[in-house]
Protein chains: 2
Amino acid sequence: MMMDARKFRILQAIIDDYILTAIPVGSRTISKKYEMGLSSATIRNEMSDLEELGYLDQPHVSAGRIPSAKAYRLYVDQLLERGVISTGESESIHHYFDDRTRQMEDVINHAAKVLSGLTHYTSLVLSPKGQELRIRNLQLVPVSSTSALVVIVTDGGIMRDTVVEVGPGLDADALYSISRMLTERLGGRTLSEAQQLLEESSREMQEHHRKLTGNIAQFMGQAGSGSKAKLALGGPSNILNFPEYSDVEKAKGFLSVLETKDKLVDLLEKQGGMAFTVRIGPETGIPELSDCSLVTATYRLGDHNHGTIGVIGPTRMHYGQVLSILNAMGQQLSILLGQNKE
Amino acid sequence: MMMDARKFRILQAIIDDYILTAIPVGSRTISKKYEMGLSSATIRNEMSDLEELGYLDQPHVSAGRIPSAKAYRLYVDQLLERGVISTGESESIHHYFDDRTRQMEDVINHAAKVLSGLTHYTSLVLSPKGQELRIRNLQLVPVSSTSALVVIVTDGGIMRDTVVEVGPGLDADALYSISRMLTERLGGRTLSEAQQLLEESSREMQEHHRKLTGNIAQFMGQAGSGSKAKLALGGPSNILNFPEYSDVEKAKGFLSVLETKDKLVDLLEKQGGMAFTVRIGPETGIPELSDCSLVTATYRLGDHNHGTIGVIGPTRMHYGQVLSILNAMGQQLSILLGQNKE
DNA sequence: TGTTAGCACTCATCAAAGGCGAGTGCTAAC
DNA sequence: GTTAGCACTCGCCTTTGATGAGTGCTAACA
């Protein structure tokens, strides 16, 4: 037995209905509501076939069918092929941002809020990884007599800062001249290049500079490895709007995953630069999310950097709408963060 | 009728039991479990009095009694009077911090996690307000040809940063000399003093400097007013562990409040420097939290600055334990953040 | 006068029973 | 290949009744 066009149409109708109602779909519903021109009995036969093919599950014998993960997969692949992603939403999303928020952290927090507001799902926004960012300016600001704040301005406009120990006897002017020197030498390079360069050159340096440059190099390593990519969450409690999560235990599991952000960051980073990924149920690889779907999209920042935005919701998600919104939001973020570049 | 010692003992027993079990307490339970040396009948009479006095509620006629907000209030006031706060926990809390995390944001995030882990409630940690922080160093770092990053190092070790527009034609060296000048003039002053000073002096300045100083002054106003005090949440989903919140609707309300942090910040700032405050049920002023209690404590940072830590849980909270932990955590935070001061 | 035993009464909770209805699979006719 | 008809299944809801925890009241007791 094979999947034919009619089976597919029926499957699609079932998925659409289930996405809307969250209750198992019966043959009669499909026959009447979706004007197939077929009687419920015929639908039943087809549904029986679809179940055999693994696209439908039956919670119990006298209930309707619900789509399996495999069915959603088919559905989504179809959506992506047909390119349902419209960019018309881009403009409306623009309104949600006001132009003053340019700080990376504010932007991603706000983006997460907008995204969860628009989709009514839980949203995730991951800031770009710093790996490929190029240094534009580096400056040491004295904090105490033995420590200084490192400020790095990159072409992504992202500033990461940390406090490093500096040797004693370096006053503000000394730090400034070091800053100038470092900016001169490292400007235009990526963080990882700069790190390497610093480590090499520190050998030839005087004793009391060596420690400082070593610390800075280490910091660049951290910042560059992207281990500190910031994650913003939007509307975590949105999940409670769905009957799938009216069970408190399940809700707790879901929310717990959100609290330990590490797993989520890993998951989002697996995206690997693809325009869109859709992970359905078990495909997420996190047991607590086994009846969720995670839809992610990439936004670009310059030629080498990208961040990730995503939405988590029940497997019966409005995939088309979500993909479209993610697409629009991604573009908006690229524009917004790109302004720092000029 | 008056509250006497015996009534109080009985009330205390009822509260203790209800904190433990979350089920209405009957007269028999008190009589047997708490060795009052009184029969259940006598307890019943007393309970009836306590209800009349407003300390107990009865969910329905054939159920036991539950403590009212007024009862918790009495209970907590008693606790505070007796000074149940031990400092013994301080040392153990120390272990949860590793010494490298000195950045304000990391510290408060971590503190929130530790706090929710120890108490099993939802925790809140508010960073200190900047109002009284004294400027130690101010520096402008070029970001683009027309904008610069303002970095202010204060005696709290807190760095707040924002991007300001600068007039054209100011290169790195020019910015540095401005920075030096500003540091010279503003060092040792509080943010609000500095703001005022800047605004006054900007009148006498050249045209293209005026805008810059104006922007910096504005930023100081924002930072100083504390509107940007950072709030970290710990274990939001902990609330779901309590049967009071096994109702999904209630849980959603609770979590929604957590998502809009503004209200919480307001609530925490009302603390006003008191060592401890306990808000029970309606005292929180937020409808969604009307059957929660919020316990907050202050930690000091230097002589003029303070932050707030707190715990939200059901009204039947382990007040004694929570107060004790908050006390210890507050001390630890003061020490940890104080290290930036030297 | 305060305390206690006894008793009738209330009412939430739980489990069992039964009706309802949505939905199925199968069969026979078109 | 499609459809109408029908018996059957089984989750869901409501009803019912038993259970038991807990109360308020009264009368007896120290």
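Throughout, protein chains are lettered first and strands after them, A, B, ... in sequence-line order, and every chain is numbered starting at 1.
- An OP1 or OP2 oxygen of C:dT24 is reached within less than 4.0 angstrom by a side-chain nitrogen or oxygen of A:R65.
- Rounded to whole angstrom, the span from the CZ atom of A:R28 across to the P atom of D:dT3 amounts to 15 Å.
- Counting non-hydrogen atoms under 4.0 angstrom, B:S27 reaches the backbone sugars and phosphates but no base.
- The side chain of B:T42 has C:dT3 as its nearest neighbour among D:dT3, D:dT23, C:dT3.
- Of all nucleotides listed (D:dT3, C:dG25, D:dG22), D:dT3 comes nearest to the side chain of A:N45.
- When rounded to the nearest whole Å, the span between CG of B:D17 and C1' of D:dG22 equals 14 Å.
- Across every strand in view, D:dA30 sits in a pair with C:dT1 that passes the Watson-Crick or G-U test at under 3.5 angstrom.
- A:A63 comes within 4.0 angstrom of the backbone, heavy atoms only, and of no base.
- Annotation: of the two residues near DNA chain C, B:S62 and A:A41, the 5′-most nearest-nucleotide partner is B:S62.
- Contact between B:M329 and B:A111 at its shortest, heavy atoms only, is CE-O, 3.7 Å.
- Put simply, CE on A:M47 is 15 Å from P on C:dC26, counting in whole angstrom units.
- The NE2 atom of A:H60 sits 13 Å away from the P atom of C:dA22 (whole-angstrom rounding).
- Atom CD in B:E52 sits roughly 11 Å away from atom P in D:dG24 (whole-Å rounding).
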Stepwise salt bridge (Lys or Arg N to Asp or Glu O under 4.0 Å) test for A:R65 and A:D57: CA-CA 6 Å; A:R65 309 299 216 285; A:D57 290 327; over 6 Å; no
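- In this structure, B:D4 places its CG atom 11 Å from P of C:dG2, rounding to the nearest Å.
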Salt bridge (Lys or Arg N to Asp or Glu O under 4.0 Å) evaluation trace for B:D77 with B:R73: CA-CA 6 Å; B:D77 289 346; B:R73 167 57 51 205; 3.2 Å; yes
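- Salt bridge status for B:E244 with B:K250: absent, with no side-chain N to carboxylate O gap under 4.0 Å.
- Among the nucleotides C:dT24, D:dG24, C:dT10, the one closest to the side chain of B:V61 is C:dT10.
- Atom CZ of B:R44 and atom C1' of D:dC25 are 10 Å apart (whole Å).
- The pair A:K7-A:D49 meets the salt-bridge criterion, since a charged nitrogen lies less than 4.0 angstrom from a carboxylate oxygen.
- A straight line from CD1 of A:I23 to C1' of D:dC12 spans 13 Å, rounded to a whole angstrom.
- Nucleotide C:dC30 forms a Watson-Crick or G-U wobble pair with D:dG1, both donor-acceptor distances falling under 3.5 Å.
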